[in-house]
Amino acid sequence: QVQLVESGGGSVQTGGSLRLSCAVSGHRPDWSCLGWFRQAPGKEREGVALYGSNEYITYTDNVKGRFTISKENGANSYYLQMTSLNPDDSGMYHCVIKDRSLCYGFMFREPESFTWGQGTQVTVFP
């Protein structure tokens with residue numbers, strides 16, 4: 001059974017940085033799509049970044065150049081480095097995985113196809 005545990009959320013001022021971590025277990029490191037989604041109160045879930053076992057990486061447009069997704073060798077832990085944060089980045093951040101699958105950009109529109117972690121809160125103050 002796949003399990004995901006996030007850490008690293010917190011509160012920062014606009015322009016600040018945070019690094020989120022996700023510990024993954026029970027998956028196929030050589031055949032999985034890992035990523036991050038976020039959700040703010042009153043808003044729909046939004047895909048942030050995806051990282052496939054084939055080294056495919058994609059970001060949603062409004063985080064490109066500011067966020068970086070990475071993973072350890074073996075893909076048991078992966079990360080989201082967030083810089084130049086602004087209040088629109090606030091929300092609950094969830095690491096996600098779709099085991100036995102590659103990543104594709106359209107998967108941002110299919111959040112229900114992933115297994116989700118419990119989430120970690122990110123708050124950016126003006």
Side-chain angles (χ1 to χ4, degrees):
Q1 183 178 356
V2 176
Q3 291 188 321
L4 304 157
V5 180
E6 303 97 333
S7 60
S11 300
V12 295
Q13 299 287 336
T14 294
S17 300
L18 284 172
R19 186 186 193 221
L20 307 182
S21 300
C22 181
V24 190
S25 60
H27 69 302
R28 281 279 303 270
D30 61 334
W31 189 18
S32 57
C33 177
L34 310 172
W36 294 90
F37 277 71
R38 65 187 180 187
Q39 187 167 25
K43 294 187 178 180
E44 294 186 355
R45 293 179 292 187
E46 177 186 28
V48 176
L50 297 176
Y51 196 152
S53 52
N54 59 346
E55 302 303 312
Y56 171 87
I57 295 176
T58 189
Y59 299 94
T60 192
D61 285 345
N62 59 11
V63 307
K64 286 179 180 177
R66 301 189 298 121
F67 290 12
T68 303
I69 188 170
S70 62
K71 62 183 179 181
E72 287 184 351
N73 288 337
N76 291 319
S77 294
Y78 61 108
Y79 310 97
L80 186 68
Q81 179 68 49
M82 305 184 293
T83 64
S84 300
L85 287 161
N86 62 67
D88 289 339
D89 296 314
S90 296
M92 186 69 76
Y93 282 69
H94 300 265
C95 61
V96 300
I97 186 171
K98 186 170 185 178
D99 204 21
R100 291 167 171 77
S101 173
L102 298 178
C103 290
Y104 302 94
F106 68 79
M107 293 166 78
F108 279 149
R109 301 191 297 273
E110 299 179 349
E112 68 282 355
S113 68
F114 290 89
T115 298
W116 287 55
Q118 291 297 308
T120 185
Q121 180 67 37
V122 171
T123 302
V124 185
F125 295 106

- Atom CD of Gln13 and atom CG of Asn86: how far apart are they, to the nearest 0.5 Å? 13.0 Å
- Does Met92 reach the side chain of Arg45, with side-chain heavy atoms less than 4.5 Å apart? no
- Are Leu20 and Ile57 connected, step by step, through hydrophobic side chains (Ile, Leu, Val, Met, Phe, Trp, Tyr) whose heavy atoms are closer than 4.5 Å? yes
- Query: Would you say the side-chain atoms of Ser53 pair up with the backbone N or O of Ser32, donor to acceptor, closer than 3.5 Å?
  - Reply: yes
- Can you tell me how far the OG1 atom of Thr14 sits from the CZ atom of Phe125, to the nearest 0.5 Å? 10.0 Å
- Residue among Asn76, Leu34, Leu4 satisfying side chain to side chain contact (heavy atoms under 4.5 Å, CB included) with Cys22: Leu4
- Query: How far apart are the closest heavy atoms of Asp89 and Arg66, and which atoms are they?
  - Reply: OD2-NH1, 2.7 Å
- Glu55 atom CD: more than 12 heavy-atom contacts under 6.0 Å: yes
- Message: Tell me whether Met82 shares a hydrophobic cluster with Phe37, the cluster being built from Ile, Leu, Val, Met, Phe, Trp, Tyr side chains joined at under 4.5 Å.
- Response: no
- Message: Using the rule that Ile, Leu, Val, Met, Phe, Trp and Tyr join whenever any side-chain heavy atoms are under 4.5 Å apart, tell me whether Val96 and Val24 fall into a single cluster.
- Response: no
- Look at the side-chain heavy atoms of Ile, Leu, Val, Met, Phe, Trp and Tyr, link any pair under 4.5 Å apart, and say whether Tyr59 and Leu50 land in one connected group. no
Donor-acceptor pairs under 3.5 Å, side chain of residues 100-116 to any protein atom, not counting sequence neighbours: which ones?
residue, atom, partner, partner atom, Å
Ser113, OG, Glu110, O, 2.7
Trp116, NE1, Pro111, O, 2.9

- Can you tell me how far CH2 of Trp31 sits from NZ of Lys98, rounded to the nearest 0.5 angstrom? 11.0 Å
- Determine whether more than 12 heavy atoms belonging to other residues, nucleotides or ligands lie under 6.0 Å from atom NZ of Lys43. no
- Query: Once you round to the nearest 0.5 Å, how far does OG1 of Thr68 lie from CZ of Arg19?
  - Reply: 10.5 Å
- Query: Can you name the nearest heavy-atom pair linking Ser90 to Ala40, along with the distance?
  - Reply: O-CB, 3.7 Å
- With the side chain counted from C-beta on, respond yes when Val122 and Leu18 share a heavy-atom pair under 4.5 Å apart, and no when they do not. yes
- Task: Check whether any side-chain heavy atom of Gln81 lies under 4.5 Å from a side-chain heavy atom of Thr83, and answer yes or no.
- Result: yes
- Query: At their closest point, which heavy atom of Ala49 faces which heavy atom of Leu80, and how far apart are they?
  - Reply: CB-CD1, 4.2 Å
- Query: Atom OH of Tyr79 and atom OG of Ser70: how far apart are they, to the nearest 0.5 Å?
  - Reply: 7.0 Å
- Donor-acceptor under 3.5 Å (Glu6 side chain, Thr120 main chain): no
- Task: Write down the atom of Ser84, the atom of Ser17, and the distance for their closest heavy-atom approach.
- Result: N-OG, 4.4 Å
- Task: Mind checking the OG-OH spacing from Ser21 to Tyr78? Nearest 0.5 Å is all I need.
- Result: 11.0 Å
